[in-house]
Student: 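A single structure is presented below for examination.
Along the sequence shown, residues are numbered consecutively beginning with 1.
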Amino acid sequence: MSAQGLPMKVPAAGLPPRVRIHEVGARDGLQNEKETVPTEVKAEFIRRLAVAGLTTIEATSFVHPKWVPQLADAEALFPLLGDIAEAREVSLPVLVPNERGLERALTLGARSIAVFGSATETFAARNLNRTVDESLAMFEPVVARAKAEKVQVRGYLSMCFGDPWEGSVPVAQVVKVAKALMDLGCDELSLGDTIGVATPGHVTELLAALNAAGVPTPSIGVHFHDTYGQALSNTLAALQHGVTAVDASAGGLGGCPYAKSATGNLATEDLVWMLDGLGIETGVDLTALTAASVWLAEHLGRPSPSRTVRALTPPSSSPSHKE
């Protein structure tokens, strides 16, 4: 698909030798799709991502179906993925909003879960129908039960760099909520640039402030949206700080149903191209990953927004829009 030997590997000083990609395409990438994606298509997409070498693939969300209708098939989907997880040694995290969601996930054998909070009051109210403090109180028994069951827990924090209703979000405010989330017992914190307004200096400042507050870099992941074309720049800034977990969505799919200005996630293919060029190991086969995204794009009836997918895909292979 690509010219032999490209991208040329030219390592840069001060970067980690390996990055773990937290693939969110099957959950965050699909949750905003208006037309229902069949359960079997979702399962096959996850299988193809695993074959491409991704080892952390967020599978679905155990929220109430009326809030995210696209993921209403969580109980049907998750049992289809057991062989994928076992054969490929793939972690399949799922989102849970509360104790009921956790119970549903544990019943199906989930071993990695995530709770999702907000750094701002407006988004907490719109996304969780609670204040920030009320959402943290809701998460407390969820995290405690998960840890008691020896389940890995990730804490998502949205609106870390800007909010469409509140505007700029003070770094100290983000640090306060992030620290509270980690103090519940989360193993990892994912910093969400939900509307894609972050810039590299802002990223570096927030990471340094989190370190100063006692949140270590190895427990931090980053989740950038590419609204203003800054996702890769912001990722590089995070890597320079020592971050080794980066969220990305195959094909660049995604958005947020509760923040209309949130456009697509950082495309996994674009991330892998950059990391390959820097000589950073990911374990991901870019050709297989691109093929998986093209396959899903055909089912969705539109081309992938990923620049790398488009560059590596012959025009005849690009899906046309459904009539």
Student: So is R154 actually on top of Y156's ring, under 6.0 Å and inside 45° of the axis?
Tutor: yes
Student: Cationic tip of R27 within the cone over F116's six-membered ring, i.e. under 6.0 Å and within 45° of the normal?
Tutor: no
Student: Does R111 reach the main-chain N or O of K150 with its side chain, forming a donor-acceptor pair under 3.5 Å?
Tutor: yes
Student: May I ask you to decide if A238's main-chain N or O and N234's side chain share a donor-acceptor pair within less than 3.5 Å?
Tutor: no
Student: Quick one about D193 and H223 (side-chain donor to acceptor, distance below 3.5 Å, no hydrogens or angles considered), yes or no?
Tutor: no
Student: Indicate yes or no: does D226 engage R307 in a salt bridge with an N to O separation below 4.0 Å.
Tutor: yes
Student: So, are R20 and E188 salt-bridged, with charged N and O less than 4.0 Å apart?
Tutor: yes
Student: When rounded to the nearest 0.5 angstrom, what is the spacing between CD in E33 and CG in L253?
Tutor: 6.0 Å
Student: Give a yes-or-no answer on whether the side chains of T122 and E166 include a donor-acceptor pair shorter than 3.5 Å.
Tutor: yes
Student: Strictly by modelled atom types, are S293 and E269 linked by a side-chain donor-acceptor pair under 3.5 Å?
Tutor: yes
Student: Answer whether the closest heavy-atom distance between the side chains of V19 and E281 falls below 4.5 Å.
Tutor: no
Student: Evaluate the side-chain hydrogen bond (donor to acceptor under 3.5 Å, both in side chains) criterion for residues S158 and N127: first the C-alpha distance (whole Å), next the side-chain angles of each, then the deciding distance (0.1 Å), finally the verdict.
Tutor: CA-CA 10 Å; S158 298; N127 192 36; 5.3 Å; no
Student: If you measure only the distance, is there a donor-acceptor pair under 3.5 Å linking the side chains of D247 and S190?
Tutor: yes
Student: Output yes when R100 and E103 qualify as a salt bridge under the 4.0 Å nitrogen-oxygen rule, no when they do not.
Tutor: no
